[in-house]
Asker: 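This is the structure, below, for whatever I ask next.
Labels below follow one simple rule: chain letters A, B, ... track the order of the sequence lines, proteins then strands, and each chain is numbered from 1. Just the heavy atoms: all of them, side chains too, but no hydrogens, waters or symmetry mates, feed the values below.
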Amino acid sequence: MLRFTIRRLLQAIPTLFVLSVLVFAWLRSLPGGPATALLGDKATPESIASLEKIMGLDQPLYLQYFNFLGRMLSGDMGNSIISADPVLEEIGRALPATIELSVVALLIAVLLGIPLGYLSASYRGRFFDNATIMGTLAGVAVPVFFLGIVLKYVFAQELGLLPPSSRQDADIDATRVTGFATLDGMLTGEWDATGNALWHLVLPAIALSSIPLAVIVRITRASVLDVLNEDFIRTANAKGLQATVVRTRHVLRNALLPVSTTVGLQTGLLLGGAVLTEKVFVWGGLGSLLSEGIQRRDYPRLQALILLAAGVYVLVNLLVDISYAIIDPRVRTS
Amino acid sequence: MALLEVRDLTVVFERKGTKPFTAVDHVSFDVEPGQTVGLVGESGCGKSVTSLAIMGLLPARGARVTGSVLFEGVDLLTLPDKQFRDRRGRDLAMVFQDPLSSLNPVIPIGIQVTEVLERHRDMPRKKAMVEAAGLLDKVGIPDPTRRLSEYPHQLSGGMRQRALIAIALACRPRLLIADEPTTALDVTIQAQILALLKELVHDMGTALVMITHDLGVVAGLCDEVNVLYGGRVVEKAERHELFAAPRHPYTHGLLASIPRLDAPRGEKLNPIRGSVSDNIPWTEGCAFAPRCPNKLDVCVRVTPEQEDIGGGRLLRCHNPVKPPVVEEVSV
C-alpha cells in the first residue's frame with residue numbers, strides 16, 4: 001500500500017507540472033491584465049506599458065514562465081498584485097475558513113447521503129423512495145448561491161434562528177491558534193467561541209452540501225439496488241444470516257465502492273461551490289481571494305489558487321483509490 | 001414422514017403491465033431423509049425457481065408462491081422470515097450454479113465460511129476459523145489455513161465451488177439443494193465435484209435435491225428423478241426405471257439427444273425440436289405438444305393429468321412412449 005501511495009504521489013508531479021503551464025498560459029490569454037486592472041479604464045497605453053515593464057510582464061512569455069517555475073520550485077509563488085503580500089501567506093490565512101466549511105458540508109453529505117440512499121433503495125418504489133428522489137432532484141437542480149440566499153432569507157432574516165453571515169459573531173473575542181474557528185475554541189477552552197462558529201457554519205454548510213448530498217444519495221441508492229440483485233446476496237440469505245448482517249456486511253460494503261468514487265469527485269467540485277457559498281455568506285475564505293483575483297487579474301494569486309485546487313483534487317483522488325483498495329481486494333492484487 | 005414434502009408448489013411472477021407468468025405449476029414431490037432426488041429439465045422449465053421457492057429465496061415482490069413446502073412437518077412457505085432464517089443454512093442449505101458470483105468478492109473465504117458457524121452453531125470466531133479450515137480440507141481444498149484469508153478471485157472455479165459446498169454443509173444440514181452445481185465448471189472438475197457431493201451427503205446422511213439439465217449427473221447420483229417441463233412434473237420415476245424405459249416423449253427425447261461416443265462417425269445428433277420458449281400454457285392441451293413426436297389430436301385440446309402408472313412412477317401424457325420390448329421379454 002505504501003508503494004502504491006508513493007507511486008501515485010510521484011505520478012501527480014507531471015500532472016501538476018502540465019497544469020502549471022496551462023494555467024500560466026490561460027491566465028495570460030484573458031483580455032486585459034493586472035496593469036490595466038490597476039490603472040483603470042482611463043489609463044493611457046504608455047502608462048500601462050511602463051507598469052507592465054515594472055511588473056516584468058513585457059518579457060517573452062516563456063521567460064516569464066521559467067521565472068515563475070524557478071520561484072515555485074523554491075517555494076515562492078510570488079506576491080499578490082492586489083495586496084502585495086506573498087500569495088502563500090494570503091492563502092494560508094484564508095484556507096482554514098474554506099476547509100472548515102467544505103469538511104462540514106462533506107460530512108453532512110456523506111453521513112446523511114449514504115443512509116438516505118440505502119433507505120431509499122430498501123423502500124424502493126414506495127413513498128419514502130419517491131420523496132427522496134424528488135428531493136435529490138431539487139438538490140441537484142437548485143444552484144448553490146440561490147439555495148444559500150433562500151436559506152439566509154428564511155432562517156436568518158425572517159425567522160432569526162441562525163446568523164446570516166461571517167464565521168463568528170463580531171463580539172466573540174477568540175484566540176487564534178490554527179485559524180480554524182471551531183478548533184481554536186476547543187484548543188483554548190473557549191467553548192462559546194466553538195459553539196458560535198458551529199452556529200455560523202449551519203447555513204453555509206447546508207447550502208454547500210446540497211449538491212454532493214443529492215448525488216451521494218442517488219449513487220448509493222442505485223449501487224445498493226445493484227448489489228441486492230447479486231448472487232452473493234442470495235448466498236448470504238441462503239446461509240440464514242440475520243437481515244441486518246446481510247445488509248451491512250454483504251450489501252453495504254460492496255455498495256460503497258462506487259460511492260467512494262463519487263465522494264472523491266464531489267470533494268473536488270466542492271471547492272467550486274465553496275466560492276459561491278462563501279460569497280453569499282460573506283465567509284472570507286479562498287472564495288473571496290479567488291473572485292477578487294479574477295476581477296483584477298492577479299496572476300500570482302490565481303496561479304497559486306488553481307494549482308492548490310488541482311493539488312487537492314489529486315490528493316482526494318489518491319485517497320479514493322486507497323479507500324478502494326481497502327474495500328475491494330481485487331484492486332489490491334492487480 | 002418424508003423430510004421434505006412439496007405439494008402443489010406454484011410460483012407466478014407478476015409484474016405491473018405484463019401478463020402473469022406461471023414458472024412453476026403445481027409441482028409436488030417428496031424427499032426422504034438421506035435420499036437424492038433429481039429435478040431435471042431444460043433451461044426455463046422452472047427447476048431453479050422451484051429450488052429458490054423451497055429455500056424462500058425468491059424476491060418478495062413480484063413472485064406469488066402458493067402450495068406448501070413441508071420440511072419435517074413445518075410449512076416453510078408460511079414460516080415468518082426470522083424463523084426461516086434460523087433454519088436456512090442449518091437445516092437446509094443450498095449450493096448455487098455460478099460459484100464466482102455466489103461468493104462475496106470483498107470478503108475473505110474464511111469469513112464467508114465462519115459466518116455460518118457463528119450464526120448457527122454459536123461458535124466464537126477463533127474456534128470457527130479452525131472448524132472452517134477443517135471444512136475446506138474436507139471438501140478437498142489444499143492448504144486450507146492459507147485459503148481462509150484469500151478472496152474468491154484468488155481461487156480457481158473448482159475451488160470456489162468446493163468452498164460453496166463447505167459453506168452449505170458447515171452445519172450438517174438435513175437437506176441440501178444443489179442448483180446445477182457443475183454447470184460453470186470444466187468437465188474434469190465437474191466429475192470431481194459430483195463425486196465430492198455424493199460422498200459428503202452419504203457421510204452426513206444429508207438428503208440432496210439435485211437440479212440439473214444433465215442426465216449424466218442424474219445417472220450417477222440420483223435415487224429418484226422428476227422430469228420437469230413448462231413448470232410441471234411430466235414424469236417421475238426411480239432412476240433405473242427412467243433410464244431403462246422413459247415413458248414421456250420429453251424424457252425419451254432428452255435421453256436420445258445425448259451424443260454417444262460409440263455412435264458411427266457422422267451420425268446426426270438427435271435434438272428435441274423447438275425450444276421451451278415456444279411452449280403453450282398448460283391450460284389447453286399439453287405444453288410439450290408442439291414439440292412432441294407422439295402428438296395426437298387430443299394433446300392440443302385436453303390437458304393431460306398426472307397418472308400413477310405403477311412401480312412408483314408418475315406420468316403426465318396422453319400418448320406415452322411404449323416400454324421397450326426387449327425389457328418386457330427379459331422380465
Side-chain angles (χ1 to χ4, degrees), chain A residues 1 114 119-130 220-221 223-261 320-334, chain B residues 16 48 51-52 54-62 81-109 111-120 149-154 160 163-164 167-168 170-171 173 176-177 179 184:
Chain A
M1 192 66 90
I114 292 176
L119 284 175
S120 195
S122 315
Y123 294 105
R124 182 186 187 179
R126 292 202 244 152
F127 176 76
F128 179 82
D129 183 31
N130 294 334
T220 307
R221 176 181 180 275
S223 174
V224 167
L225 287 178
D226 270 356
V227 174
L228 283 174
N229 276 326
E230 293 280 355
D231 287 350
F232 59 79
I233 297 303
R234 196 180 56 193
T235 311
N237 282 318
K239 288 175 181 176
L241 302 178
Q242 288 100 334
T244 44
V245 176
V246 176
R247 275 202 284 267
T248 48
R249 190 184 296 165
H250 290 278
V251 179
L252 189 60
R253 196 154 167 206
N254 281 282
L256 281 183
L257 285 170
V259 177
S260 71
T261 309
V320 167
D321 287 347
I322 291 174
S323 76
Y324 231 90
I326 290 172
I327 303 176
D328 193 341
R330 288 166 296 186
V331 178
R332 242 174 287 160
T333 41
S334 59
Chain B
K16 258 185 213 163
S48 287
S51 65
L52 291 175
I54 294 171
M55 289 292 290
L57 293 175
L58 284 171
R61 280 148 44 98
D81 180 64
K82 244 187 148 147
Q83 291 175 36
F84 205 161
R85 283 181 191 274
D86 287 341
R87 287 180 165 264
R88 273 203 297 262
R90 188 187 69 193
D91 300 340
L92 64 169
M94 189 158 175
V95 175
F96 297 97
Q97 190 167 21
D98 182 350
L100 180 58
S101 65
S102 296
L103 288 165
N104 192 326
V106 304
I107 296 181
I109 297 290
I111 305 289
Q112 302 198 45
V113 182
T114 54
E115 62 182 2
V116 203
L117 298 167
E118 287 170 37
R119 166 77 169 100
H120 295 298
S149 58
E150 290 194 342
Y151 291 88
H153 71 279
Q154 291 167 298
R160 287 183 206 124
L164 269 181
I167 290 168
C171 300
L176 177 70
I177 301 178
D179 183 5

Asker: Quick one: SG on B/C171 to NZ on A/K239, what's the gap to the nearest 0.5 Å?
Answerer: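 If we round to the nearest 0.5 Å, B/C171:SG and A/K239:NZ are 10.5 Å apart.
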
Asker: Tell me, out of B/R87, B/R88, B/K82, who's got the most heavy-atom pairs with chain A below 4.5 Å.
Answerer: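 The candidate making the most pairs under 4.5 Å is B/R88.
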
Asker: Against chain A, work out which of B/L164, B/D98, B/L57 has the most heavy-atom pairs shorter than 4.5 Å and name it.
Answerer: B/L57

Asker: For a quick test of reading the model, state the closest non-hydrogen atom pair linking B/R85 to A/L241 and the distance between them.
Answerer: NH1-O, 2.8 Å

Asker: Supply the atom-to-atom distance A/N237 CG to B/L52 CG, rounded to the nearest 0.5 angstrom.
Answerer: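 CG of B/L52 is found 11.0 Å from CG of A/N237.
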
Asker: Examine whether an atom of B/L103 lies under 4.5 Å from a heavy atom of chain A, and if so say whether it belongs to the side chain, the backbone or both; otherwise answer neither.
Answerer: backbone

Asker: If you tally heavy-atom pairs under 4.5 Å against chain A, which of B/P105, B/G89, B/A168 wins?
Answerer: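 The residue among B/P105, B/G89, B/A168 with the greatest pair count is B/P105.
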
Asker: Need one label for A/V251: side chain, backbone, both or neither, based on atoms under 4.5 Å from any heavy atom in chain B.
Answerer: neither

Asker: For B/S102, does its backbone N or O pair with a side-chain atom of A/T235 as donor and acceptor, under 3.5 Å?
Answerer: yes

Asker: Contact part of A/A243 toward chain B, heavy-atom cut-off under 4.5 Å: side chain, backbone, both or neither?
Answerer: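 For A/A243, heavy atoms of backbone and side chain both lie under 4.5 Å from chain B.
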
Asker: Most heavy-atom pairs under 4.5 angstrom with chain A, which of B/M94, B/M55, B/Q112, B/R61?
Answerer: B/Q112

Asker: Tell me whether B/R119 contacts the main-chain N or O of A/G240 through its side chain, where contact means a donor paired with an acceptor under 3.5 Å.
Answerer: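 Yes, B/R119 side chain to A/G240 backbone: donor-acceptor pair under 3.5 Å.
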
Asker: For chain B, which residues of residues 119-129 of chain A have at least one non-hydrogen atom nearer than 4.5 Å to it?
Answerer: A/R124

Asker: Within this structure, what is the CZ-CG distance for the pair A/R249 and B/N104, rounded to the nearest 0.5 Å?
Answerer: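 It is 10.0 Å, given to the nearest 0.5 Å.
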
Asker: Is there any residue in residues 223-231 of chain A with a non-hydrogen atom under 4.5 Å from a non-hydrogen atom of chain B, and which ones are they?
Answerer: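 Under the 4.5 Å heavy-atom cut-off, A/D231 qualify.
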
